[in-house]
Amino acid sequence: MKEELKSYVVEQTRISELMQELGCTGKRVKPKDILDRIVQVEFKTVVICGTQFMYCGIALKSNNPNRPFVVVGKPSVCIDPANWRDAIGHEISFNNSFEEIYKLEAYRMMTECKPVEPEHNLPKGFTRYKGVNITRDAYQLTDDDANNYGVIGNGRAMLEIAGKPMTFSFNCQSHQIKPGDFIVYLDDEDIYHCSKEVFTERNYV
């Protein structure tokens, strides 16, 4: 699906590549970043007052894998029904929805808070990861860790990391904590479990 969608955003991709060639180093919305987050595309053709319209819904990854964020732009429509072609409608309606995502991404990038570097020292055994908007200190669980942590209460567990007992919170079933997941350290009072899938989506690992 991704290869087919790339053909719809040739112009946006060309401009992005031109900016790179001309040395534009500032923040910008990149078509590839949007395409990489698309999980589903659906087209719907409807007839309203005798006129045929084609809409495109683009579903993007969200924090809830069961409920993606869906964007629907302006529809494709022909003034003469004789000109109707599904292939043309797909490209036009997709690009209309894609442009709406561009606007949302641009607003998000312009209004996001400036990252604040953590004031604490890096805990022993942890690694500092750079995320999209923030820097996080985290420890990646090994096979031994996943078998040796102990549940000490509702949504709380303890694990020894680099010789120091660490108490962390988790929001899943305890058996779902697995090797490759991360223990994220904000401060001594705020340490929590994060699945590998979510952590790698939000941070550069």
Side-chain angles (χ1 to χ4, degrees), residues 2 16-17 19-20 23-40 58-69 71 101-102 104-205:
K2 295 293 175 63
S16 182
E17 291 174 348
M19 292 177 69
Q20 185 172 351
C24 300
T25 58
K27 293 169 60 176
R28 68 183 188 275
V29 179
K30 300 177 184 177
K32 182 181 182 301
D33 293 341
I34 297 176
L35 288 172
D36 287 345
R37 297 208 308 276
I38 294 177
V39 295
Q40 185 178 354
I58 300 178
L60 302 167
K61 293 179 184 177
S62 71
N63 291 335
N64 183 347
N66 297 318
R67 187 176 182 184
F69 182 75
V71 176
I101 299 173
Y102 245 81
L104 293 171
E105 283 293 290
Y107 177 76
R108 180 187 64 80
M109 293 177 71
M110 292 179 68
T111 56
E112 65 187 7
C113 297
K114 183 179 179 180
V116 178
E117 291 297 323
E119 298 178 355
H120 60 262
N121 294 324
L122 184 65
K124 189 175 181 180
F126 282 70
T127 301
R128 188 155 290 171
Y129 295 89
K130 184 177 180 182
V132 178
N133 300 318
I134 192 173
T135 300
R136 294 181 175 89
D137 296 342
Y139 172 81
Q140 191 166 22
L141 295 175
T142 66
D143 290 335
D144 288 340
D145 294 330
N147 294 323
N148 292 331
Y149 73 89
V151 177
I152 58 175
N154 188 22
R156 305 282 291 176
M158 180 177 290
L159 174 68
E160 187 174 292
I161 300 176
K164 179 181 178 180
M166 289 273 186
T167 300
F168 63 92
S169 61
F170 58 91
N171 292 312
C172 60
Q173 298 295 320
S174 59
H175 68 269
Q176 293 177 313
I177 300 174
K178 59 188 183 299
D181 287 355
F182 290 81
I183 304 300
V184 181
Y185 178 97
L186 298 182
D187 56 48
D188 288 340
E189 302 299 323
D190 196 352
I191 308 172
Y192 62 91
H193 162 264
C194 183
S195 70
K196 179 180 179 180
E197 293 76 15
V198 173
F199 191 87
T200 53
E201 182 177 329
R202 297 177 180 175
N203 303 277
Y204 303 106
V205 178

Would you say the side chain of [Y] lies within less than 4.5 Å of the side chain of [X], judging by non-hydrogen atoms?
{"X": "Arg28", "Y": "Met19", "value": "yes"}
{"X": "Thr135", "Y": "Arg128", "value": "yes"}
{"X": "Tyr149", "Y": "Ile183", "value": "no"}

Look up atom [atom1] in [X] and atom [atom2] in [Y], then write down how far apart they are to the nearest 0.5 Å.
{"X": "Leu186", "Y": "Arg136", "atom1": "CG", "atom2": "CZ", "answer": "8.0 Å"}
{"X": "Asp145", "Y": "Thr142", "atom1": "CG", "atom2": "OG1", "answer": "3.0 Å"}
{"X": "Asp33", "Y": "Arg37", "atom1": "CG", "atom2": "CZ", "answer": "7.0 Å"}
{"X": "Gln176", "Y": "Lys178", "atom1": "CD", "atom2": "NZ", "answer": "8.0 Å"}

Taking Met109's backbone N and O only, do any of them form a donor-acceptor pair with Lys27's side chain (distance below 3.5 Å, no angle check)?
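Yes; judged by distance alone, with no hydrogens or angles, the pair exists.
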Check step by step if side-chain contact (heavy atoms from CB on, under 4.5 Å) holds for Lys61 and Glu201.
CA-CA 10 Å; Lys61 293 179 184 177; Glu201 182 177 329; 3.9 Å; yes
Show your working on side-chain contact (heavy atoms from CB on, under 4.5 Å) between Thr127 and Gln140 and close with a plain yes or no.
CA-CA 8 Å; Thr127 301; Gln140 191 166 22; over 6 Å; no
Less than 4.0 angstrom from a charged side-chain N to a carboxylate O is my criterion; do Lys32 and Asp36 meet it?
yes
Listing, residues 189-197 side-chain donor-acceptor contacts under 3.5 Å, not counting sequence neighbours, or none:
unit_1, atom_1, unit_2, atom_2, d
His193, NE2, Asp181, OD2, 2.8
Ser195, OG, Val198, N, 3.3

Using every non-hydrogen atom in the two residues, find where [X] and [Y] come nearest and quote the distance to one decimal.
{"X": "Ile177", "Y": "Cys172", "value": "CG1-SG, 4.0 Å"}
{"X": "Ser62", "Y": "Arg67", "value": "OG-O, 2.7 Å"}
{"X": "Tyr107", "Y": "Thr111", "value": "O-OG1, 2.8 Å"}
{"X": "Asn148", "Y": "Leu159", "value": "C-CD1, 4.4 Å"}
{"X": "Ser174", "Y": "Val151", "value": "CB-CG2, 3.8 Å"}
{"X": "Asn63", "Y": "Arg202", "value": "OD1-NH2, 2.8 Å"}

Sequence neighbours left out, what pairs pass ring-ring contact (aromatic ring centres under 6.0 Å, His included) with at least one residue falling in residues 155-183?
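Residue pairs with at least one partner in residues 155-183: Tyr129-Phe182, Phe182-Phe199.
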Does Asn171 have any side-chain contact (heavy atoms from CB on, under 4.5 Å) partners at least two apart in sequence or in another chain, and if so, which?
none
Intermediate values then yes/no, side-chain contact (heavy atoms from CB on, under 4.5 Å), Ile38 and Leu60
CA-CA 5 Å; Ile38 294 177; Leu60 302 167; 3.7 Å; yes
